[in-house]
Amino acid sequence: MMKTVAMAAGRIFLACSLFYSTSQSVQGQSLPVWREHTNSFRGNDWLVGPVTAKAVVYKSADAKEVVLDNGLVQRRFRLHPNLVCIDYKNKINNQQLLRSVKAEARLTINGHAYNIGGLHGQKENAYLLPLWVDQLKKGTTDFEFVSTTVTDLSPYLNSRSPFWATNRNAATGKQLQFLFRSPLQELKGIEVGINYELYDGLPLIVKSLRVFNRSGRSLHLDKVVNEILGMVEEESAVVGSPAQMKKQAGLYIESNYAFNNAMRYDLSDQTTHWKTDSAYTSQVNYNYETPCLLEVYPEYGPGIDLAPGDTFNSIWTYELAMDSYDRQRRGMAIQKMYRTVAPWTTANPIFMHLVSKNDEEVRNAVDQCVQTGYEALILSFGSHINMEDNREANLARCKALADYAHQKGIRIGVYSLFSSRRISETDDVINPLTGKTGGAFFGNAPCFGSKWGLNYRDKIKQFYTVTGFDIWENDGPYPGDRCASTTHPGHKGLDDSQWKQMEIQKELYHWLNNRGVYINAPDWYFLDGTNKIALGYREVNFSLPREQQKILNRQNIFDGTWEKTPSMGWGFVPLTRYQGGGPEAVLEPLSQHLKDYEQLMMQYYGAGVQACYRGPRLYDTETTRQTVAGVITWYKKYREILNADLIHLRRADGRDWDGWLHVNPALKQKGLVMLFNPTGQPMKREISIPLYYTGLTRTARIREKEGPAKNYILSRNYEVTLPVVLPPDSYSWWVIEDAGI
């Protein structure tokens with residue numbers, strides 16, 4: 001049985017034998033022939049209308065090439081004398097992204113670097129002509145292409161989420177796999193599989209690789225570069241350093257190896273490296289420092305030993321072709337990518353954050369959830385449940401609470417802190433600079449590969465297996481700390497410590513996701529099974545007066561939904577005192593601050609964003625209960641459109657109106673506008689509402705709240721002018737439908 005020592009992604013490659021037993025020969029008739037206008041992009045905007053073209057793997061007419069094409073993006077490979085990518089095109093805007101050939105990947109094995117595929121000899125590196133390719137040569141030490149396999153796209157994770165979601169379907173498309181072997185005797189038995197995934201309806205290609213050690217001896221895998229692209233430069237500058245110059249914006253890159261607690265991918269990214277290319281001697285930059293060589297790899301590691309029979313899985317690189325510089329459009333493209341490749345991120349349960357002192361308070365909160373329409377309860381930090389207490393009596397008590405919640409139709413979860421805490425000198429991360437604990441991302445932190453860390457993982461699994469809890473709020477997840485310990489059982493030393501700790505956490509997230517457990521985790525682990533992250537906020541702001549909190553929260557919503565869907569972020573509403581502040585900062589007693597309570601709910605639910613309503617109860621009087629239940633009833637009525645993409649109209653500043661527009665052309669309700677008047681004066685405005693992404697082209701039927709609807713004619717730039725009247729310190733909402741004219 002083949003052992004897997006590195007599970008960098010939720011998907012498992014096909015067994016190596018499949019490269020032979022199901023290989024579809026390019027020389028034969030099993031692949032369709034690519035023509036110049038095959039799958040050409042036509043008509044519908046892929047962010048507005050349906051894309052009819054499907055992901056297909058083609059062969060060229062002369063069988064020298066393999067082509068990945070789905071009508072939106074195309075990637076072409078020459079097969080001989082070695083496999084190399086010779087074409088990478090965004091078919092939406094006809095942009096060529098590639099200027100030169102490079103290796104498919106690069107491995108550093110036992111201290112020596114080896115190319116995987118690729119060809120050499122391109123003289124001019126500013127652009128690549130097809131007629132040059134026949135003149136290129138393979139390297140004598142490069143891994144050589146052996147065979148090709150084409151299969152349907154396999155599920156990313158076998159998620160079985162029971163929660164409400166806008167998408168439960170696994171993505172569809174094609175997987176293209178290339179197998180390589182080394183011509184060198186010292187690398188005999190080492191095979192590399194390069195995997196490409198092309199998705200239906202998305203200009204997205206995902207790349208990863210797998211290393212099979214069939215050599216009969218152990219090898220050390222120092223570094224794995226799983227993507228190398230000679231990209232067209234974004235700009236030409238005679239002088240300027242790589243840090244100062246723009247990078248190619250036509251390709252958005254993510255990987256499933258990101259951490260930083262920044263609540264944004266671009267600041268959490270650990271693998272995207274824009275480098276200079278000294279072979280590109282005709283570039284404008286005087287010192288050859290144009291950042292036009294893209295390499296994707298973790299900065300540290302993996303640094304692992306691969307024993308005979310072991311298999312290594314790399315990170316997964318997500319390459320999304322972009323057709324615009326517009327921030328709104330780019331963000332919507334990223335959101336559509338997530339809705340498709342990680343459908344679990346579209347789950348969005350309505351939950352309360354309970355601060356509990358005993359079991360009775362939990363049962364009371366469950367009952368209040370039932371009475372208001374809430375769907376889930378999370379026992380917040382500071383509550384009385386300890387997941388790490390795996391004594392039989394504690395697990396039985398927690399199971400009884402879960403059983404009670406489930407009998408009432410309520411899902412239940414609990415908070416657990418991992419990283420930002422001190423455990424012991426034996427189990428904490430060892431700082432490589434000092435040889436002692438301390439100096440980690442959070443100061444002191446446990447190593448996931450320590451005895452305590454491995455036990456923590458096992459206790460979490462035991463808790464969910466025994467109790468039947470449904471949600472895990474994993475605070476302070478693994479933040480990327482490297483550990484210099486040589487005694488921790490989960491890693492050997494500093495070189496493999498980051499990779500191995502990441503693998504431990506990913507395996508835990510995969511395990512939970514596959515069981516249907518919902519995961520809140522304040523770091524960027526979406527692509528490995530987590531569901532939600534914070535919008536981004538400053539905690540002490542929740543001790544400010546409520547009037548300030550309302551505006552700051554809307555700013556957080558506005559800023560936190562450019563790349564994240566509404567379901568991917570959560571906010572915060574302190575029902576009781578949190579990190580300071582007096583009566584002016586909290587909502588308790590709820591009945592005495594009902595107007596603020598209602599507006600805070602409406603602006604979060606009106607954005608499709610769940611907030612952590614943290615306190616001992618959801619209501620204190622019947623009037624309060626009716627108000628909360630009324631908001632939830634409204635949210636559920638418009639839930640689909642409220643969870644749709646958010647168009648940013650105007651950011652809150654307290655001076656004038658602010659708000660946003662939800663859009664989904666596939667729904668009956670094509671859009672929903674939320675507008676706020678934060679001033680103490682009545683407001684009358686005529687506001688331009690952009691309706692392009694609703695899919696409406698000529699007319700729109702718009703009504704305020706549940707009032708009468710009015711037909712509007714769209715301007716040439718797909719806008720309508722909406723007359724708005726808002727009382728002082730108020731809000732309203734409008735529903736947009738097809739007028740059918």
Do NZ/NE/NH1/NH2 and the carboxylate oxygens of Lys89 and Asp87 come within less than 4.0 Å?
no

Provide the full list of ring-ring contact (aromatic ring centres under 6.0 Å, His included) pairs with a residue in residues 683-716, sequence neighbours left out, each pair given once.
Tyr692-Tyr718

Would a line drawn from the ring center of Trp733 to the ring center of Tyr638 be shorter than 6.0 Å?
yes

Keeping the roles fixed (side chain from Arg330, backbone from Met332), state whether a donor-acceptor pair exists under 3.5 Å.
no

Quick one: sort the Tyr731 and Phe676 rings into parallel, tilted or perpendicular, breaks at 30° and 60°.
tilted

Test your reading of the model: is there a side-chain donor-acceptor pair from Lys670 to the backbone of Ala700, 3.5 Å cut-off?
no

Residues Val341 and Leu202: closest non-hydrogen pair is CG1-CD1, 4.4 Å

Which of these passes side chain to side chain donor-acceptor pair (under 3.5 Å) with Gln248: Gln95, Glu235, Glu233?
Gln95

Sequence neighbours left out, what passes side chain to side chain contact (heavy atoms under 4.5 Å, CB included) with Arg701? Give chain and number order.
Ala709, Asn711, Ala739

Is it the case that Ser567 and Asn643 place a side-chain donor and acceptor less than 3.5 Å from each other?
no

Without swapping roles, check the side chain of Gln328 against the backbone of Leu646 for a donor-acceptor pair under 3.5 Å.
yes

For Glu706, does the CD atom sit with more than 12 other heavy atoms under 6.0 Å from it, leaving out its own atoms?
yes

Check for a donor-acceptor pair, side chain of Asp620 on one end and backbone N or O of Leu590 on the other, with a separation under 3.5 Å.
yes

Distance check, rounded to the nearest 0.5 Å: Arg546 atom CZ versus Leu587 atom CG?
6.0 Å

Restricting to non-hydrogen atoms, name the atom on Leu714 and the atom on Leu696 that form the minimum distance, rounded to 0.1 Å.
CD2-O, 3.3 Å

First locate atom CD of Gln549, then atom CD of Gln599, and finally report the distance between them rounded to the nearest 0.5 Å.
12.0 Å

Is any side-chain heavy atom of Tyr604 closer than 4.5 Å to a side-chain heavy atom of Val631?
no

So, for Cys369 and Ile410, which heavy atoms are closest and what is the spacing to 0.1 Å?
CB-CD1, 3.8 Å

With a 4.0 Å cut-off, would you call Lys668 and Glu640 a salt bridge?
no

What residue pairs, at least two apart or across chains, pass salt bridge (charged side-chain N to carboxylate O under 4.0 Å, His left out) with a residue in residues 333-348?
Arg339-Asp645

Heavy-atom pair of closest approach, residues Val725 and Pro727:
O-CD, 4.1 Å

Regarding Ser255 and Thr271, do their side chains bring together a donor and an acceptor under 3.5 Å, going by distance alone?
yes

Quick one: salt bridge (charged side-chain N to carboxylate O under 4.0 Å, His left out) partners of Arg168, sequence neighbours excluded?
none

Glu473 meets the side chain to side chain donor-acceptor pair (under 3.5 Å) criterion, sequence neighbours left out, with His353, Asn520

As a quick check of understanding, evaluate side-chain contact (heavy atoms from CB on, under 4.5 Å) for Val232 and Leu97, giving each step before the final call.
CA-CA 5 Å; Val232 173; Leu97 297 165; 5.6 Å; no

As an exercise, state the distance from CD of Gln610 to CH2 of Trp570, rounded to the nearest 0.5 Å.
12.5 Å

Looking at residues at least two apart in the chain, or sitting in another chain, which of them share a side chain to side chain contact (heavy atoms under 4.5 Å, CB included) with Asp323?
Trp46, Asn90, Ile92, Asn93, Arg329

Strictly below 4.0 Å, N to O, side chains only: are Arg625 and Glu622 in salt-bridge contact?
yes

Side-chain donor-acceptor pair under 3.5 Å between Gln603 and Arg554, yes or no?
yes

Can you find a pair of side-chain heavy atoms, one from Glu719 and one from Thr721, that are under 4.5 Å apart?
no

Can you sort out the partners of Phe558 under side chain to side chain contact (heavy atoms under 4.5 Å, CB included), two or more places apart, ordered by chain and number?
Trp562, His648, Arg651

Do Ser159 and Asn513 pair up side chain to side chain, a donor and an acceptor below 3.5 Å, judged on atom types alone?
yes

Quick check on ring pair (Phe, Tyr, Trp, His ring centres under 6.0 Å): which of Phe351, Tyr518, Trp344 does Phe163 satisfy it with?
Tyr518

Should the ring pair Tyr537 and Phe572 be called parallel, tilted or perpendicular, given that the plane angle runs from 0 to 90° and is split at 30 and 60?
parallel

Would you call Asp596 and Lys550 a salt bridge, using N to O less than 4.0 angstrom?
yes

Shortest non-hydrogen contact from Thr624 toward Leu618:
CG2-O, 4.1 Å

Excluding sequence neighbours, so at least two apart, what forms side chain to side chain donor-acceptor pair (under 3.5 Å) with Asp653?
Arg650

So Tyr338 and Phe526, would you call those rings parallel, tilted or perpendicular, with 30° and 60° as cut-offs?
perpendicular

Donor-acceptor pair, side chain of Trp660 and main chain of Gly606, under 3.5 angstrom
yes

With sequence neighbours excluded, tell me which residues meet side chain to side chain donor-acceptor pair (under 3.5 Å) with Glu686.
none

Please name all residues satisfying side chain to side chain donor-acceptor pair (under 3.5 Å) with Asn556, sequence neighbours left out, ordered by chain then number.
none

Between Tyr199 and Val206, is any pair of side-chain heavy atoms under 4.5 Å apart?
yes

With the side chain counted from C-beta on, respond yes when Leu575 and Arg614 share a heavy-atom pair under 4.5 Å apart, and no when they do not.
no

Would you say Lys532 and Asn348 are linked by a side-chain donor-acceptor pair, where the criterion is simply a distance under 3.5 Å?
yes

Provide the closest heavy-atom pair for Asn677 versus Gln681 in the form atom of the first, atom of the second, distance.
ND2-O, 2.9 Å

Sorted by chain and number, sequence neighbours left out, side chain to side chain contact (heavy atoms under 4.5 Å, CB included) with Arg538 holds for Val540, Asn541

If you round to the nearest 0.5 Å, how far is NZ of Lys174 from CG of Leu198?
10.5 Å

To the nearest 0.5 Å, what is the distance between CD on Glu547 and CG on Asp729?
5.0 Å

Spacing of CD1 belonging to Ile687 relative to CG belonging to Leu726, to within rounding of 0.5 Å:
7.0 Å

Check whether any side-chain heavy atom of Lys247 sits under 4.5 Å from a side-chain heavy atom of Ile253, and report yes or no.
no

Answer with yes or no whether the side chains of Tyr88 and Glu319 bring together a donor and an acceptor at under 3.5 Å.
yes

Acceptor/donor pairs from residues 576-583 side chains to any protein atom, 3.5 angstrom cut, sequence neighbours excluded:
{"unit_1": "Arg577", "atom_1": "NE", "unit_2": "Gly581", "atom_2": "O", "d": "3.1"}
{"unit_1": "Tyr578", "atom_1": "OH", "unit_2": "Glu539", "atom_2": "OE2", "d": "2.5"}
{"unit_1": "Gln579", "atom_1": "NE2", "unit_2": "Glu539", "atom_2": "OE1", "d": "3.4"}

Residue of the set Ile471, Asn531, Ile533, Asp528 for which side-chain contact (heavy atoms from CB on, under 4.5 Å) holds with Ile519:
Asn531

